[in-house]
Amino acid sequence: MKRLNLNLFTIMVLLTAAACKQAPKQEEMPSMPAFSIEKMPFGKVGENEITLYKLSNSSGFTVEIINYGAAIVSILAPDKNGEMGNVVLGFDSLSGYLQPGNPYFGCIAGRYANRIAKAQFTLDGATYKLAANNGPNTLHGGLKGFDKVVWNAMENASDSSASLTLTYLSPDGEEGYPGNLSAEVIYTITNDNALQIDYKATTDKATPINLTNHAYFNLAAGKTADILGHELMLTADNYTPVDATLIPTGKIESTKGGPMDFTSAKPIGKDLAQVSGGYDHNFILNKAGNDLSLAATLYEPTSGRMMEMLTTEPAVQFYSGNFLNGTLTNEDGKAIVKHYGLCLEAQHYPDSPNQANFPNTILKPGETYTQTTIYRFLTK
Ligand code: GLA
(Lines give C-alpha, C1' and ligand atoms only; values in the text may rest on other atoms or scores of the structure.)
Protein backbone atom coordinates (compact mmCIF):
# COMPACT_ATOMS: atom_id res chain seq x y z
CA MET A 1 0.00 0.00 0.00
CA LYS A 2 1.35 3.37 -0.96
CA ARG A 3 1.42 6.01 1.73
CA LEU A 4 0.17 8.67 -0.64
CA ASN A 5 -3.22 6.95 -0.76
CA LEU A 6 -3.69 7.17 2.96
CA ASN A 7 -3.98 10.88 3.49
CA LEU A 8 -7.66 10.58 4.45
CA PHE A 9 -6.62 8.81 7.61
CA THR A 10 -4.17 11.50 8.56
CA ILE A 11 -4.52 12.86 12.05
CA MET A 12 -2.97 16.24 12.61
CA VAL A 13 -1.58 17.20 15.99
CA LEU A 14 -0.73 20.88 15.88
CA LEU A 15 0.73 22.80 18.74
CA THR A 16 1.55 26.44 18.78
CA ALA A 17 2.97 28.60 21.46
CA ALA A 18 0.13 31.03 20.74
CA ALA A 19 -2.53 28.33 21.06
CA CYS A 20 -1.06 27.14 24.35
CA LYS A 21 -0.74 30.50 25.97
CA GLN A 22 -3.41 32.85 24.60
CA ALA A 23 -5.66 33.22 21.62
CA PRO A 24 -4.31 35.67 18.98
CA LYS A 25 -5.80 39.14 19.00
CA GLN A 26 -8.32 39.65 16.25
CA GLU A 27 -6.12 41.90 14.09
CA GLU A 28 -3.07 39.59 14.37
CA MET A 29 -2.41 36.87 11.81
CA PRO A 30 -2.21 33.49 13.53
CA SER A 31 1.44 32.42 13.76
CA MET A 32 2.70 29.29 11.99
CA PRO A 33 2.48 26.16 14.12
CA ALA A 34 5.90 25.49 15.61
CA PHE A 35 5.84 21.70 15.25
CA SER A 36 3.42 19.20 13.82
CA ILE A 37 3.08 15.44 14.03
CA GLU A 38 0.99 13.56 11.47
CA LYS A 39 0.20 9.87 11.82
CA MET A 40 -0.77 7.54 9.01
CA PRO A 41 -1.32 3.80 8.75
CA PHE A 42 1.58 2.01 7.07
CA GLY A 43 0.25 -1.56 6.99
CA LYS A 44 0.27 -4.47 9.40
CA VAL A 45 2.78 -7.00 10.71
CA GLY A 46 0.70 -9.93 11.98
CA GLU A 47 -1.91 -8.33 14.22
CA ASN A 48 0.20 -5.24 14.81
CA GLU A 49 -0.70 -1.96 13.15
CA ILE A 50 2.33 -0.18 11.75
CA THR A 51 2.10 3.61 11.80
CA LEU A 52 4.16 6.23 10.04
CA TYR A 53 4.83 9.34 12.13
CA LYS A 54 5.74 12.53 10.34
CA LEU A 55 7.47 15.08 12.56
CA SER A 56 7.90 18.58 11.08
CA ASN A 57 9.15 21.95 12.25
CA SER A 58 7.83 25.29 11.01
CA SER A 59 10.48 25.59 8.28
CA GLY A 60 9.49 22.24 6.77
CA PHE A 61 12.32 20.05 8.10
CA THR A 62 10.56 16.69 8.34
CA VAL A 63 11.46 13.26 9.66
CA GLU A 64 9.27 10.22 8.99
CA ILE A 65 9.58 7.22 11.32
CA ILE A 66 7.73 3.90 11.51
CA ASN A 67 7.29 1.71 14.57
CA TYR A 68 8.51 -1.36 12.62
CA GLY A 69 12.22 -1.50 13.42
CA ALA A 70 11.90 2.06 14.81
CA ALA A 71 13.11 3.00 11.34
CA ILE A 72 13.62 6.45 9.85
CA VAL A 73 11.84 6.38 6.47
CA SER A 74 12.77 9.85 5.24
CA ILE A 75 14.40 13.12 6.27
CA LEU A 76 13.43 16.20 4.28
CA ALA A 77 16.11 18.89 4.54
CA PRO A 78 16.68 22.06 2.48
CA ASP A 79 19.49 22.50 -0.05
CA LYS A 80 21.39 25.79 -0.51
CA ASN A 81 18.45 27.20 -2.55
CA GLY A 82 15.89 26.19 0.05
CA GLU A 83 14.64 23.23 -2.00
CA MET A 84 13.63 20.30 0.20
CA GLY A 85 14.92 16.81 -0.59
CA ASN A 86 14.95 13.43 1.10
CA VAL A 87 18.47 12.84 2.39
CA VAL A 88 18.13 9.21 3.50
CA LEU A 89 17.37 6.00 1.63
CA GLY A 90 13.98 4.45 2.36
CA PHE A 91 11.07 2.48 0.97
CA ASP A 92 7.63 3.86 0.12
CA SER A 93 5.76 0.92 1.60
CA LEU A 94 6.00 -1.58 4.45
CA SER A 95 6.77 -4.45 2.07
CA GLY A 96 10.13 -2.80 1.35
CA TYR A 97 11.01 -2.94 5.04
CA LEU A 98 9.78 -6.53 5.42
CA GLN A 99 11.71 -7.96 2.46
CA PRO A 100 14.66 -10.23 3.37
CA GLY A 101 17.13 -8.05 1.42
CA ASN A 102 16.36 -4.86 3.37
CA PRO A 103 19.86 -3.59 4.21
CA TYR A 104 18.78 -2.21 7.60
CA PHE A 105 17.45 1.06 6.14
CA GLY A 106 17.08 3.69 8.85
CA CYS A 107 16.42 1.12 11.59
CA ILE A 108 17.56 0.79 15.16
CA ALA A 109 20.10 -2.05 15.21
CA GLY A 110 20.30 -4.08 18.44
CA ARG A 111 20.70 -5.64 20.92
CA TYR A 112 24.20 -5.58 19.60
CA ALA A 113 24.66 -3.45 16.49
CA ASN A 114 27.54 -4.57 14.25
CA ARG A 115 29.32 -7.91 14.60
CA ILE A 116 30.13 -10.38 17.35
CA ALA A 117 32.76 -12.91 16.24
CA LYS A 118 31.80 -16.54 15.71
CA ALA A 119 28.29 -15.68 16.95
CA GLN A 120 29.12 -16.24 20.59
CA PHE A 121 30.46 -14.64 23.73
CA THR A 122 31.25 -15.68 27.28
CA LEU A 123 29.96 -13.69 30.22
CA ASP A 124 30.39 -14.53 33.93
CA GLY A 125 31.52 -18.04 32.98
CA ALA A 126 28.56 -18.88 30.71
CA THR A 127 28.86 -19.11 26.91
CA TYR A 128 25.99 -17.65 24.91
CA LYS A 129 25.35 -18.86 21.34
CA LEU A 130 23.90 -16.38 18.86
CA ALA A 131 22.70 -16.72 15.28
CA ALA A 132 25.48 -16.75 12.66
CA ASN A 133 23.65 -14.49 10.20
CA ASN A 134 26.75 -12.96 8.60
CA GLY A 135 29.22 -15.68 7.61
CA PRO A 136 30.51 -17.13 10.89
CA ASN A 137 29.51 -14.01 12.84
CA THR A 138 26.36 -12.45 14.24
CA LEU A 139 25.32 -9.08 12.80
CA HIS A 140 22.92 -6.41 14.11
CA GLY A 141 21.27 -8.48 16.82
CA GLY A 142 20.77 -11.76 14.92
CA LEU A 143 17.99 -13.21 12.78
CA LYS A 144 15.30 -11.03 14.32
CA GLY A 145 17.08 -8.03 15.73
CA PHE A 146 15.54 -4.75 16.89
CA ASP A 147 15.20 -3.77 13.23
CA LYS A 148 12.59 -6.53 12.73
CA VAL A 149 10.35 -6.04 15.77
CA VAL A 150 7.31 -3.84 16.36
CA TRP A 151 7.95 -1.05 18.85
CA ASN A 152 5.38 0.79 20.96
CA ALA A 153 5.20 4.43 19.99
CA MET A 154 4.07 7.63 21.68
CA GLU A 155 4.28 11.04 20.04
CA ASN A 156 4.65 14.40 21.75
CA ALA A 157 4.79 17.93 20.35
CA SER A 158 5.70 21.03 22.31
CA ASP A 159 6.52 24.58 21.27
CA SER A 160 10.25 23.76 21.13
CA SER A 161 10.36 20.26 19.63
CA ALA A 162 8.44 17.25 18.36
CA SER A 163 9.37 13.77 19.47
CA LEU A 164 8.48 10.13 19.12
CA THR A 165 9.25 7.73 21.96
CA LEU A 166 9.60 4.08 20.94
CA THR A 167 9.88 1.27 23.47
CA TYR A 168 10.55 -2.43 23.15
CA LEU A 169 10.86 -5.15 25.77
CA SER A 170 13.26 -7.83 24.55
CA PRO A 171 12.57 -11.03 26.50
CA ASP A 172 15.26 -13.04 28.30
CA GLY A 173 16.93 -15.34 25.77
CA GLU A 174 15.73 -13.49 22.67
CA GLU A 175 18.22 -14.18 19.87
CA GLY A 176 20.36 -15.93 22.51
CA TYR A 177 20.99 -12.83 24.66
CA PRO A 178 20.52 -13.03 28.44
CA GLY A 179 18.10 -10.89 30.45
CA ASN A 180 14.84 -9.06 29.89
CA LEU A 181 16.04 -5.88 28.27
CA SER A 182 13.82 -2.82 28.30
CA ALA A 183 14.84 -0.45 25.50
CA GLU A 184 13.70 3.10 24.74
CA VAL A 185 14.57 5.27 21.76
CA ILE A 186 13.40 8.89 21.51
CA TYR A 187 13.61 10.71 18.18
CA THR A 188 13.33 14.49 18.62
CA ILE A 189 13.39 17.22 16.01
CA THR A 190 14.20 20.82 16.87
CA ASN A 191 14.07 24.20 15.14
CA ASP A 192 17.71 24.09 14.08
CA ASN A 193 16.87 21.23 11.67
CA ALA A 194 18.43 18.65 13.96
CA LEU A 195 17.33 15.12 14.69
CA GLN A 196 18.37 13.98 18.15
CA ILE A 197 18.22 10.28 19.07
CA ASP A 198 18.26 9.40 22.78
CA TYR A 199 18.61 5.76 23.78
CA LYS A 200 18.07 4.14 27.16
CA ALA A 201 18.01 0.53 28.34
CA THR A 202 17.88 -1.51 31.54
CA THR A 203 18.18 -5.24 32.11
CA ASP A 204 17.55 -7.87 34.80
CA LYS A 205 20.65 -9.96 33.87
CA ALA A 206 24.06 -8.83 32.62
CA THR A 207 23.97 -8.59 28.81
CA PRO A 208 25.92 -6.93 26.00
CA ILE A 209 24.29 -3.88 24.46
CA ASN A 210 25.18 -1.66 21.51
CA LEU A 211 22.35 0.34 19.98
CA THR A 212 22.65 2.51 16.89
CA ASN A 213 20.67 3.99 14.04
CA HIS A 214 21.39 2.60 10.58
CA ALA A 215 20.25 5.47 8.29
CA TYR A 216 21.87 5.63 4.85
CA PHE A 217 22.54 9.28 3.98
CA ASN A 218 22.59 10.77 0.51
CA LEU A 219 22.73 14.55 0.92
CA ALA A 220 22.25 15.11 -2.83
CA ALA A 221 18.75 13.62 -2.35
CA GLY A 222 19.46 11.24 -5.23
CA LYS A 223 20.63 13.93 -7.69
CA THR A 224 24.14 12.50 -8.02
CA ALA A 225 25.07 8.98 -9.13
CA ASP A 226 26.41 8.01 -5.71
CA ILE A 227 27.86 9.43 -2.48
CA LEU A 228 31.52 9.33 -3.61
CA GLY A 229 31.60 13.14 -4.03
CA HIS A 230 30.37 13.72 -0.47
CA GLU A 231 33.14 15.25 1.66
CA LEU A 232 33.51 13.51 5.01
CA MET A 233 35.36 14.57 8.12
CA LEU A 234 35.68 12.21 11.09
CA THR A 235 37.24 13.26 14.39
CA ALA A 236 39.10 9.95 14.49
CA ASP A 237 42.89 9.65 14.66
CA ASN A 238 42.54 5.87 15.06
CA TYR A 239 40.45 2.95 13.82
CA THR A 240 40.14 -0.79 14.38
CA PRO A 241 41.52 -2.84 11.44
CA VAL A 242 39.44 -5.93 10.58
CA ASP A 243 39.92 -9.49 9.36
CA ALA A 244 38.32 -10.89 6.18
CA THR A 245 34.96 -11.29 7.99
CA LEU A 246 35.02 -7.67 9.22
CA ILE A 247 35.83 -8.56 12.85
CA PRO A 248 38.40 -6.24 14.50
CA THR A 249 41.80 -7.89 14.82
CA GLY A 250 42.22 -6.26 18.24
CA LYS A 251 44.81 -3.76 17.00
CA ILE A 252 44.24 -0.03 17.15
CA GLU A 253 45.87 1.71 14.19
CA SER A 254 46.39 5.33 13.24
CA THR A 255 44.28 6.70 10.40
CA LYS A 256 46.84 9.44 9.74
CA GLY A 257 48.16 9.91 6.23
CA GLY A 258 46.41 6.89 4.71
CA PRO A 259 43.05 6.15 3.04
CA MET A 260 41.38 5.91 6.48
CA ASP A 261 42.40 9.48 7.31
CA PHE A 262 39.29 11.69 7.40
CA THR A 263 40.63 14.05 10.05
CA SER A 264 40.44 16.76 7.37
CA ALA A 265 37.38 16.64 5.11
CA LYS A 266 37.96 14.76 1.85
CA PRO A 267 35.70 13.24 -0.83
CA ILE A 268 34.75 9.68 0.07
CA GLY A 269 35.77 8.52 -3.41
CA LYS A 270 39.28 9.99 -3.15
CA ASP A 271 41.04 6.98 -1.60
CA LEU A 272 38.23 4.43 -1.74
CA ALA A 273 40.02 2.22 -4.28
CA GLN A 274 42.80 1.65 -1.74
CA VAL A 275 40.36 0.12 0.77
CA SER A 276 39.54 -3.48 -0.07
CA GLY A 277 35.74 -3.83 -0.30
CA GLY A 278 35.19 -0.14 0.51
CA TYR A 279 34.83 1.62 3.84
CA ASP A 280 33.14 -0.50 6.51
CA HIS A 281 35.22 0.30 9.57
CA ASN A 282 34.99 1.35 13.17
CA PHE A 283 36.54 4.80 13.64
CA ILE A 284 37.58 5.60 17.21
CA LEU A 285 36.57 9.11 18.20
CA ASN A 286 39.19 11.39 19.73
CA LYS A 287 37.80 11.59 23.23
CA ALA A 288 38.27 9.98 26.61
CA GLY A 289 34.81 10.16 28.19
CA ASN A 290 31.27 9.94 26.92
CA ASP A 291 30.58 13.62 26.37
CA LEU A 292 28.38 14.68 23.46
CA SER A 293 30.97 15.80 20.92
CA LEU A 294 31.43 16.34 17.20
CA ALA A 295 32.06 13.00 15.48
CA ALA A 296 31.62 13.85 11.80
CA THR A 297 30.70 16.42 9.21
CA LEU A 298 29.39 15.46 5.80
CA TYR A 299 29.14 17.96 2.94
CA GLU A 300 27.67 17.51 -0.53
CA PRO A 301 28.95 20.26 -2.86
CA THR A 302 26.28 20.25 -5.59
CA SER A 303 23.34 20.72 -3.20
CA GLY A 304 25.31 22.63 -0.56
CA ARG A 305 23.77 20.37 2.10
CA MET A 306 25.88 19.65 5.13
CA MET A 307 25.32 17.39 8.10
CA GLU A 308 26.97 17.55 11.50
CA MET A 309 26.96 14.47 13.67
CA LEU A 310 27.50 14.60 17.43
CA THR A 311 27.50 11.60 19.73
CA THR A 312 28.18 10.38 23.24
CA GLU A 313 29.49 7.09 21.78
CA PRO A 314 33.19 6.17 21.61
CA ALA A 315 33.16 5.25 17.90
CA VAL A 316 31.45 5.50 14.52
CA GLN A 317 31.07 2.75 11.92
CA PHE A 318 31.54 4.46 8.56
CA TYR A 319 30.01 2.19 5.90
CA SER A 320 30.13 3.37 2.27
CA GLY A 321 27.16 1.28 1.07
CA ASN A 322 29.41 -1.39 -0.45
CA PHE A 323 26.78 -4.15 -0.47
CA LEU A 324 24.07 -2.09 -2.20
CA ASN A 325 23.79 -3.58 -5.69
CA GLY A 326 20.96 -1.98 -7.65
CA THR A 327 18.32 -4.61 -6.86
CA LEU A 328 16.32 -2.36 -4.49
CA THR A 329 14.38 0.77 -5.39
CA ASN A 330 14.50 3.97 -3.37
CA GLU A 331 11.43 6.01 -2.35
CA ASP A 332 12.04 8.24 -5.39
CA GLY A 333 11.88 5.24 -7.77
CA LYS A 334 15.65 5.12 -8.43
CA ALA A 335 17.71 1.94 -8.27
CA ILE A 336 19.81 1.81 -5.12
CA VAL A 337 23.19 1.13 -6.66
CA LYS A 338 26.51 0.51 -4.90
CA HIS A 339 27.60 3.57 -2.86
CA TYR A 340 24.17 5.27 -3.28
CA GLY A 341 24.06 5.94 0.47
CA LEU A 342 26.46 5.89 3.40
CA CYS A 343 26.03 5.11 7.08
CA LEU A 344 27.56 6.86 10.06
CA GLU A 345 26.61 4.57 12.93
CA ALA A 346 27.39 5.86 16.41
CA GLN A 347 28.43 2.83 18.39
CA HIS A 348 30.75 0.85 20.63
CA TYR A 349 33.48 -1.14 18.88
CA PRO A 350 32.39 -4.31 17.05
CA ASP A 351 32.97 -7.60 18.91
CA SER A 352 33.56 -5.83 22.25
CA PRO A 353 32.03 -8.72 24.26
CA ASN A 354 35.00 -10.84 23.08
CA GLN A 355 37.72 -8.19 23.22
CA ALA A 356 38.75 -7.26 26.75
CA ASN A 357 40.81 -4.25 25.65
CA PHE A 358 37.78 -2.53 24.04
CA PRO A 359 35.47 -0.23 26.05
CA ASN A 360 32.89 -2.16 28.07
CA THR A 361 29.51 -3.02 26.50
CA ILE A 362 28.09 -5.15 29.31
CA LEU A 363 25.00 -3.68 30.97
CA LYS A 364 24.27 -4.98 34.46
CA PRO A 365 21.05 -5.01 36.49
CA GLY A 366 20.64 -1.68 38.29
CA GLU A 367 22.57 0.22 35.60
CA THR A 368 21.07 2.32 32.81
CA TYR A 369 22.53 2.30 29.32
CA THR A 370 22.30 5.70 27.63
CA GLN A 371 23.35 7.00 24.23
CA THR A 372 22.68 10.31 22.47
CA THR A 373 23.40 11.10 18.84
CA ILE A 374 22.45 14.24 16.92
CA TYR A 375 22.34 14.67 13.13
CA ARG A 376 22.03 18.38 12.28
CA PHE A 377 21.33 19.56 8.72
CA LEU A 378 22.77 22.84 7.41
CA THR A 379 23.79 24.38 4.10
CA LYS A 380 26.86 26.25 2.98
C1 GLA B 1 26.66 -2.55 8.68
C2 GLA B 1 27.84 -3.39 8.42
C3 GLA B 1 28.01 -3.65 6.96
C4 GLA B 1 26.74 -4.19 6.37
C5 GLA B 1 25.60 -3.27 6.68
C6 GLA B 1 24.28 -3.83 6.25
O7 GLA B 1 26.87 -1.24 8.59
O8 GLA B 1 29.02 -2.86 8.96
O9 GLA B 1 29.04 -4.57 6.76
O10 GLA B 1 26.47 -5.45 6.90
O11 GLA B 1 25.50 -3.03 8.05
O12 GLA B 1 24.28 -4.23 4.93
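Indexing begins at 1, ligand by ligand and atom by atom, following the structure's order.
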Is it the case that [X] and [Y] place a side-chain donor and acceptor less than 3.5 Å from each other?
X	Y	value
Thr127	Thr122	yes
Thr188	Gln196	no
Asn210	Thr361	no
Glu49	Thr51	no
Glu345	Asn114	no

I'd like to check which ligand 1 atoms, numbered from 1 as shown, lie under 4.0 Å from a non-hydrogen atom of [X].
X	answer
Leu139	10 (O)
Phe323	4 (C), 9 (O)
Arg115	2 (C), 3 (C), 8 (O), 9 (O), 10 (O)
Tyr216	6 (C), 12 (O)

Nearest non-hydrogen protein atom, atom 7 (O) of ligand 1: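 The closest one turns out to be Glu345 OE2, 2.7 Å.
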Any idea which protein heavy atom is nearest atom 9 (O) of ligand 1, and the distance to it?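 Checking every protein heavy atom, the shortest distance to atom 9 (O) of ligand 1 gives Asp280 OD2, 2.3 Å.
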Determine the sole option in Thr245, Ile247, Leu139 for which the side chain to side chain contact (heavy atoms under 4.5 Å, CB included) test with Asn134 is passed.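 Only one of Thr245, Ile247, Leu139 forms a side chain to side chain contact (heavy atoms under 4.5 Å, CB included) with Asn134, namely Leu139.
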Would you say ligand 1 has an N or O under 3.5 Å from any N or O of [X]?
X	result
His140	yes
Tyr104	no
Asn114	no

Knowing that exactly one of Tyr216, Phe217, Tyr68 qualifies, which makes a ring-ring contact (aromatic ring centres under 6.0 Å, His included) with Phe105?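 By the ring-ring contact (aromatic ring centres under 6.0 Å, His included) criterion, Phe105 pairs with just one of Tyr216, Phe217, Tyr68: Tyr216.
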